[in-house]
Novice: 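Shown below is the structure under consideration.
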Amino acid sequence: MDTMANRRTDDEDDDLLEDELPEEDQFGRVRYLELCRELGISPASQILKYLELEAMHVEHYGLGLKGVRALCGALRLNSCVTVLRLADNAIPDEGCGELLRTLHDNSAVTLLDLSGNRLGAVGCKALADLLMSRNTVLRGLTLSKMRLGDREGVVLGNCLENNTALRQLDLSSNDLGEKTAHALGQVLMVNLGLTELNLSWNKLRPRGVAHLAEGLKPNLTLQVLGLGWCGLQDPGAASFGAALKTNQGLVDVDLSGNQITLSGLRALSEGIAASATLAAVALDNNDLRAEGGRELLHAVDRNKGLVVCSIENTNTSEQIRLAMEALLEPRRKLRDKLHAAQQQQHQQGGGT
């Protein structure tokens, strides 16, 4: 009786597929269902839905190795999904490797988020192959909270030197240190594509930041840099300040929570004042005190391009905070006014 019932259920599923799915499996939905059945797992309704959309958001879903394997089968056929967010899905190193090898042959996915999964030797090899491929279209990559250490960081850095496709790279909240910073510093000297790099909540420390700062001096393309909670301390702040004097690309920098005190801030302020491109800097949760606040206020006054300078929880006085806001608010209003005028001009130009 059970066998007959199971056979009847399978027949009903086949009828359902024939009724609901097209003959040509352009989205990979049929292949996904077939692989789920072969692997003995339940299909995820979220995946079936997102396979027909440009952005797939399947986060905190517990896909695991089998779940990502079934998805890979669909992605080999799918050319619709361009954004793939799979954060926190218990995907092991082997699964990440299989997904990255799949994307090597997929010319659609341009943004990938694998945060909170596991990337080891297998996944790193597949990622390196993907990033070094001349055919890669990947423009955004998020690998936050993946327990990445210098071994993985150096591999990743080494394969980015000749990559011109990747624009955004998020490596925050890992265990990356001085060796990774050195590798990325070398990358920044020659890379012509990267515009955003987030290294916040890593263990770069002063020597690591010094390596990174050397790479930033000649760099023209990196605009947004996250270095919050990286243990810069005063020597690291001084190295970064020196880089700001010659760098001609950085627009937005986060240096929060880095144990920066007055001596480091003095050198950093010189760089902030001299920067030709910097528009926003965050220094929250550093011990600047009143004298440090005055140094920073003077630097912001000299750099007319700055519109944001965040100094929350820095032990600076209310008087300095008010003076900083009074200095920056007119600049922001002017920026917003110019932006609105540009948008209006663009719309009028498009209408004609």
Side-chain angles (χ1 to χ4, degrees), residues 53-55 57 82-83 85 110-111 113 137-142 164-170 172 188 191-200 216-228 240-241 243-256 265 268-284 288 293-312 314 316 318-352:
L53 303 176
E54 289 188 4
H57 298 268
T82 61
V83 175
R85 298 191 182 277
T110 59
L111 191 152
D113 183 356
V137 296
L138 200 62
R139 295 175 64 86
L141 178 62
T142 302
T164 57
L166 196 67
R167 296 289 184 268
Q168 295 94 28
L169 177 61
D170 186 348
S172 61
L188 291 173
N191 184 280
L192 300 174
L194 210 58
T195 61
E196 296 183 25
L197 176 63
N198 189 358
L199 291 168
S200 296
L216 286 169
K217 288 179 180 179
N219 185 279
L220 298 172
T221 55
L222 193 71
Q223 298 176 19
V224 180
L225 177 61
L227 288 176
F240 195 80
L244 283 177
K245 291 180 180 180
T246 58
N247 175 273
Q248 296 185 47
L250 286 172
V251 175
D252 189 334
V253 174
D254 184 0
L255 299 173
S256 302
L265 184 69
L268 180 60
S269 292
E270 290 180 9
I272 291 173
S275 173
T277 56
L278 199 62
V281 60
L283 285 161
D284 303 331
L288 308 185
R294 285 192 291 271
E295 290 273 353
L296 188 59
L297 185 64
H298 180 58
V300 172
D301 184 39
R302 290 167 59 195
N303 187 335
K304 306 303 181 184
L306 266 171
V307 293
V308 175
C309 183
S310 185
I311 51 172
E312 294 298 317
T314 55
T316 49
E318 185 67 18
Q319 183 181 3
I320 291 172
R321 291 175 188 277
L322 293 172
M324 184 76 77
E325 186 59 25
L327 192 62
L328 293 175
E329 187 178 8
R331 299 181 186 180
R332 287 196 293 270
K333 287 182 177 179
L334 178 60
R335 176 199 60 182
D336 294 343
K337 185 177 180 180
L338 290 172
H339 181 66
Q342 288 172 349
Q343 279 191 321
Q344 186 177 9
Q345 186 177 15
H346 177 72
Q347 289 171 354
Q348 290 174 347
T352 57

Novice: So do Leu194 and Leu169 actually touch side chain to side chain, heavy atoms under 4.5 Å?
Specialist: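 Of all side-chain heavy-atom pairs linking Leu194 with Leu169, at least one is under 4.5 Å.
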
Novice: Treating Arg294 as the side-chain partner and Ile320 as the backbone partner, does any N or O pair qualify as donor plus acceptor under 3.5 Å?
Specialist: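 No; zero donor-acceptor contacts below 3.5 Å.
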
Novice: Spell out, as yes or no, whether a donor-acceptor pair under 3.5 Å connects the side chain of Asn247 to the backbone of Leu216.
Specialist: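 The answer is yes, because a donor-acceptor pair under 3.5 Å joins these two groups.
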
Novice: Do side-chain atoms of Asn303 reach the backbone of Ser275 as a donor and acceptor pair under 3.5 angstrom?
Specialist: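 Looks like yes, one N/O pair under 3.5 Å.
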
Novice: Given side chains that start at C-beta, do those of Leu283 and Leu296 come closer than 4.5 Å, heavy atoms only?
Specialist: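 Yes, their side chains come closer than 4.5 Å.
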
Novice: Salt bridge or not between Lys333 and Glu329? Use side-chain N to carboxylate O under 4.0 Å.
Specialist: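 Yes, charged N to carboxylate O under 4.0 Å.
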
Novice: Any donor-acceptor pair under 3.5 Å linking the side chain of Asp252 with the backbone of Val224?
Specialist: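 Pair absent, no side-chain N/O of Asp252 close to backbone of Val224.
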
Novice: Does some side-chain heavy atom of Arg139 sit less than 4.5 Å from a side-chain heavy atom of Leu166?
Specialist: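 When only atoms from C-beta onward are counted, Arg139 and Leu166 do not touch, as no gap falls below 4.5 Å.
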
Novice: Got Leu222 and Thr195 here, is their nearest side-chain heavy-atom distance under 4.5 Å?
Specialist: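 They are not in contact (no side-chain heavy atoms under 4.5 Å apart), so the answer is no.
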
Novice: Checking Leu244 against Glu270 for the side-chain contact (heavy atoms from CB on, under 4.5 Å) test, could you report, in this order, the C-alpha distance in whole Å, the side-chain angles of both residues, the deciding distance, and whether it holds?
Specialist: CA-CA 9 Å; Leu244 283 177; Glu270 290 180 9; over 6 Å; no

Novice: Can you check whether Ile311's main-chain N or O pairs, donor with acceptor, with Arg321's side chain at less than 3.5 Å?
Specialist: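 Yes; judged by distance alone, with no hydrogens or angles, the pair exists.
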
Novice: Atom CG in Leu199, atom CG in Leu225: separation rounded to 0.5 Å?
Specialist: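 Going from the CG atom of Leu199 to the CG atom of Leu225 covers 6.5 Å.
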
Novice: State the CD-NZ distance between Gln248 and Lys217, to the nearest 0.5 angstrom.
Specialist: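 Result: 14.0 Å between the selected atoms.
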
Novice: Take atom NZ in Lys337; do more than 12 heavy atoms of anything else shown fall under 6.0 Å from it?
Specialist: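 Atom NZ in Lys337 is not crowded, with 12 or fewer foreign heavy atoms closer than 6.0 Å.
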
Novice: How long is the straight-line distance from CD of Gln319 back to CG of Leu322, given to the nearest 0.5 Å?
Specialist: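 Leu322 atom CG to Gln319 atom CD measures 8.0 Å (nearest 0.5 Å).
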
Novice: Does any N or O in the side chain of Arg332 come within less than 3.5 Å of the main-chain N or O of Val307, such that one atom is a donor and the other an acceptor?
Specialist: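 At least one qualifying donor-acceptor pair exists.
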
Novice: Working to the nearest 0.5 Å, report the span between CG of Asp170 and CG of Leu197.
Specialist: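 Nearest 0.5 Å value for the CG-CG distance: 8.5 Å.
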
Novice: Return yes when atom CD of Glu325 has more than 12 non-hydrogen atoms of other residues, nucleotides or ligands closer than 6.0 Å, and no otherwise.
Specialist: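 For Glu325, atom CD is crowded (more than 12 foreign heavy atoms under 6.0 Å).
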
Novice: Does any part of the side chain of Leu53, heavy atoms only, come nearer than 4.5 Å to the side chain of Val83, both counted from C-beta?
Specialist: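 Contact flag for Val83/Leu53 side chains = no.
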
Novice: Charged N to carboxylate O under 4.0 angstrom, Arg167 versus Glu196?
Specialist: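 Not counted as a salt bridge, because no side-chain N and carboxylate O are separated by less than 4.0 Å.
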
Novice: To the nearest 0.5 Å, how far apart are OG1 in Thr164 and CG in Asn191?
Specialist: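 Spacing of OG1 (Thr164) from CG (Asn191) equals 8.0 Å.
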
Novice: Are the side chain of Asp254 and the backbone N or O of Gly228 linked by a donor-acceptor pair below 3.5 Å?
Specialist: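 Flag not set: sc Asp254 to bb Gly228 has no pair under 3.5 Å.
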
Novice: When you compare the side chain of Leu227 with that of Val253, does any pair of heavy atoms fall below 4.5 Å?
Specialist: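 Result no, sub-4.5 Å side-chain heavy-atom pair not found.
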
Novice: Would you indicate whether His57, at its atom NE2, is surrounded by more than 12 heavy atoms from other residues, nucleotides or ligands within a distance under 6.0 Å?
Specialist: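 Correct, the count exceeds 12.
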
Novice: Under the side-chain contact (heavy atoms from CB on, under 4.5 Å) rule, what do Leu297 and Leu327 come out as? Steps first, then yes or no, please.
Specialist: CA-CA 9 Å; Leu297 185 64; Leu327 192 62; 4.2 Å; yes

Novice: Measure the OG1-CD distance between Thr110 and Gln168 for me, rounded to the nearest 0.5 Å.
Specialist: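 If we round to the nearest 0.5 Å, Thr110:OG1 and Gln168:CD are 9.5 Å apart.
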
Novice: Donor-acceptor pair, distance only, cut-off 3.5 Å: does the side chain of Thr277 make one with the backbone of Leu250?
Specialist: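 Checked: pair present.
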
Novice: I want to check something: taking the side chain as every heavy atom from C-beta on, are Cys309 and Met324 in contact at a cut-off of under 4.5 Å?
Specialist: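 Yes; the side chains approach each other to less than 4.5 Å.
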
Novice: On a heavy-atom basis, which atom in Ala299 and which in Ser269 lie closest, and how many Å separate them?
Specialist: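 Shortest heavy-atom contact: CB-O, 3.4 Å.
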
Novice: Can you confirm whether Leu278 sits close enough to Val251 that some side-chain heavy atom of one is under 4.5 Å from a side-chain heavy atom of the other?
Specialist: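 In short, these two side chains do not touch, never coming nearer than 4.5 Å.
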
